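In what follows, a single structure is set out as structure tokens and then discussed.
Remember, predicted model here, so these are calculated numbers, not experimental data. Every chain is numbered from 1 and lettered A, B, ... according to where its sequence line falls, protein lines coming before strand lines. These numbers come from the heavy atoms of this one structure, side chains and all, not from hydrogens, waters or symmetry mates.
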Amino acid sequence: MASPAGRGLMSYNAAISRCARAGLYPRALALFREMRAQGLRADEYTLPPLLNSAALLLAAPAAAALHALLLRAGLASHLHVANALLDAYAKLSLGRAARAVFDEMPRRDVVTWTSLLAGLARAGAHAAAARAYRGMVGAGVAPDEFAVAAALSACAGATALEAGRSVHAAALRLGLAAFLSVGNSLVSMYAKTGALRDARAVFDAMRARCAITWTALIVGYAQNGRGARSLEVYADMVRAGCRPDYVTFVGLLFACSHAGFVDAGRAHFRSMTADYGVAPGPDHYACMVDLLSRAGRLEEAMDLLIDSAELDATVWKALLGACRVHRNAELAERAAEMVWRLDPTDAVPYVMLSNLYSRARRWGDVARIRALMKSRGVTKEPGCSWVGVSGVMHLFHVEDRGHPRASEIYRKLEEMTERIRAEGYVPDTDWALQDEAPEGKERGLAYHSERIAVAFGLLAVPAAAPIRVFKNLRVCGDCHTAIKMVAKAYDREIILRDANCFHHMKDGDCSCGDYCLN
DNA sequence: CTAGGGTTAG
């Protein structure tokens, strides 16, 4: 892009804005330096695209420097500038700085609130994101289609179906439901909260659809154990003349992997480049590694990686997962090494290795991995599960006795175990990770957070309604078996959403076809 | 000439 050397502030502003829009962020910042060298000062039009560029370059020092500069220039209370600053801090995951900017703002509009909301949702602070949405409405700021889309996405991330429904209702009231972005986020929200029929209904009613719409539905079916449906939707997408993009293929390969469609996965992997000119990225390789290794083709997965130029931690983690399935400790250690080379504080490889050694009963190696983890100061996220009952969330940790109805819950838990034992349940202590006596391991498994949550669900959820349990990590294999049997023994539908996918459990079967497990 | 959103995901 031509440099507007020698011209005035407005030419620079226009050029910087064009660069930022075109994704030429370093160029935008370079133009700013050039502009200052000529003695020109940034104004309220210069700063927003610069802040945006700094954020998207993940250049926190640049953002802080721009912050100092705009304070000196007296632009801190300019609404556009403050909004851009808030959003930059949010995009840089500097939550405290973002919050401070927000708190200091003398005026806030729908953009301010949307930046805050989206930033909180990105950071995984779902409850705070929900508060931001209510705060916006409470402050008398009417949500627009951007705000509604962001709010729905936050609901999806929190798997908060009821909150999502109420935002949907608000969107209808405000006349925003016909926006493509709102439709897209509705499809995704309903699919991610397990309400597939609603997702489909919104999809069918949409007047216009884009690749995002189709991708949301493809992924939705895959996450809910309906991989064959995902492939049908993809076929419809192509038939409708909509061009699949990078993300569509991630979703499609994810669907193939989840459903165990090896041939279809291989074919689509070839087709993405050959027919659509989409170069495979790390995400696609990770899906393929997952797909091939689950089908027992670890060799083929390795061959694929040798051909690929783009390898990142995602791919190595997928390979690590494959090694766990195949109990291949040597390869797993190598894959873990590769992840650590990129980020030594990533907890995933430690947990995976520890799991693998535990299943092989190699307790010495389990202890070694734990010690390594401790010495490097790495902590893993503690597992927890939660159930919503009439709008109240009940959260449980392992062996949690903090709930007001704890003694009742534990009696139910004992009863659950008795009933499934009578049906032939045998605890699979391979999933108990402690090196301890067998009966201790069984106890540990029986008191996993997901099981406590299910016991509570049996007590507190009306018999006709499905019990919806959420877990922040993946469900363990033993709990998966046990909860399937509980669903049958108590004739209840149990929907367990874990970090990986949905498990619709009914009559002793699960929608994941046990494929999600290792 | 300026600010926010919607699809991936281990």
Looking for any heavy atom pair under 4.0 Å, which part of the strands does [X] touch: base, sugar-phosphate only, or nothing?
X      : result
A:V110 : base
A:R21  : sugar-phosphate
A:V348 : nothing
A:A499 : sugar-phosphate
A:D283 : base
A:R108 : nothing
A:L320 : nothing
A:D43  : nothing

Just compare [options] and give me whichever is closest to any side-chain atom of [X].
X      : options              : value
A:F254 : B:dG10, B:dG4, B:dA3 : B:dG10
A:T215 : B:dA3, B:dT2, B:dT7  : B:dT7
A:V250 : B:dA9, B:dT2, B:dG4  : B:dA9
A:R474 : B:dG10, B:dA3, B:dG6 : B:dG10
A:T114 : B:dT7, B:dC1, B:dG4  : B:dG4
A:A14  : B:dT8, B:dC1, B:dT2  : B:dC1
A:Q223 : B:dA9, B:dG6, B:dG4  : B:dA9
A:A149 : B:dG10, B:dG6, B:dC1 : B:dG6
A:S185 : B:dT7, B:dG4, B:dG6  : B:dG6
A:F146 : B:dC1, B:dA9, B:dG4  : B:dG4

[N] [atom2] sits how many Å from [X] [atom1], rounded?
X      : N      : atom1 : atom2 : value
A:H258 : B:dG10 : NE2   : C1'   : 10 Å
A:N355 : B:dG10 : CG    : C1'   : 14 Å
A:D144 : B:dA3  : CG    : P     : 15 Å
A:F249 : B:dT8  : CZ    : C1'   : 13 Å
A:R18  : B:dC1  : CZ    : C1'   : 9 Å
A:M136 : B:dG4  : CE    : P     : 16 Å
A:Y234 : B:dT7  : OH    : C1'   : 15 Å
A:N472 : B:dG10 : CG    : P     : 14 Å

With a 3.5 Å distance limit and no angle check, can you tell me whether A:N224 reaches the backbone of A:A191 through a side-chain donor-acceptor pair?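 Flag set: sc A:N224 to bb A:A191 pair under 3.5 Å.
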Going by modelled atom types, is there a donor-acceptor pair between the base of B:dG4 and the side chain of A:D109 at under 3.5 Å?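 Per atom types, no contact qualifies.
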Is the shortest side-chain N to carboxylate O distance from A:R334 to A:E337 below 4.0 Å?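 Answer for the salt bridge query: no.
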Any salt bridge between A:R270 and A:D275, counting N to O under 4.0 Å?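 So A:R270 does not pair with A:D275 through a salt bridge.
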So does [X] get a side-chain nitrogen or oxygen closer than 4.0 Å to the phosphate oxygens (OP1/OP2) of [N]?
X      : N      : value
A:S153 : B:dT7  : yes
A:T314 : B:dG10 : no
A:K192 : B:dA9  : no

Are A:F249 and A:Y276 an aromatic pair, judged by ring center distance below 6.0 Å?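 Yes; A:F249 has its ring centre under 6.0 Å from that of A:Y276.
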Taking the six-membered ring for Trp and the full ring for Phe, Tyr or His, determine whether the centres of A:H80 and A:Y45 are under 6.0 Å apart.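 Aromatic pair excluded; centres sit 6.0 Å or further apart.
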For residues 101-142 of chain A, which residue pairs qualify under ring pair (Phe, Tyr, Trp, His ring centres under 6.0 Å), counting only residues two or more places apart or in two chains?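 Passing the test, one end in residues 101-142 of chain A: A:F102-A:W113.
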Do we count A:Y45 as stacking onto B:dT2 if the rule is ring centres under 5.5 Å and planes under 30°?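 No, aromatic ring not over the base.
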Please name all residues satisfying ring-ring contact (aromatic ring centres under 6.0 Å, His included) with A:Y89, sequence neighbours left out, ordered by chain then number.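 In terms of ring-ring contact (aromatic ring centres under 6.0 Å, His included), with neighbours along the sequence ignored, A:Y89 is linked to A:H67.
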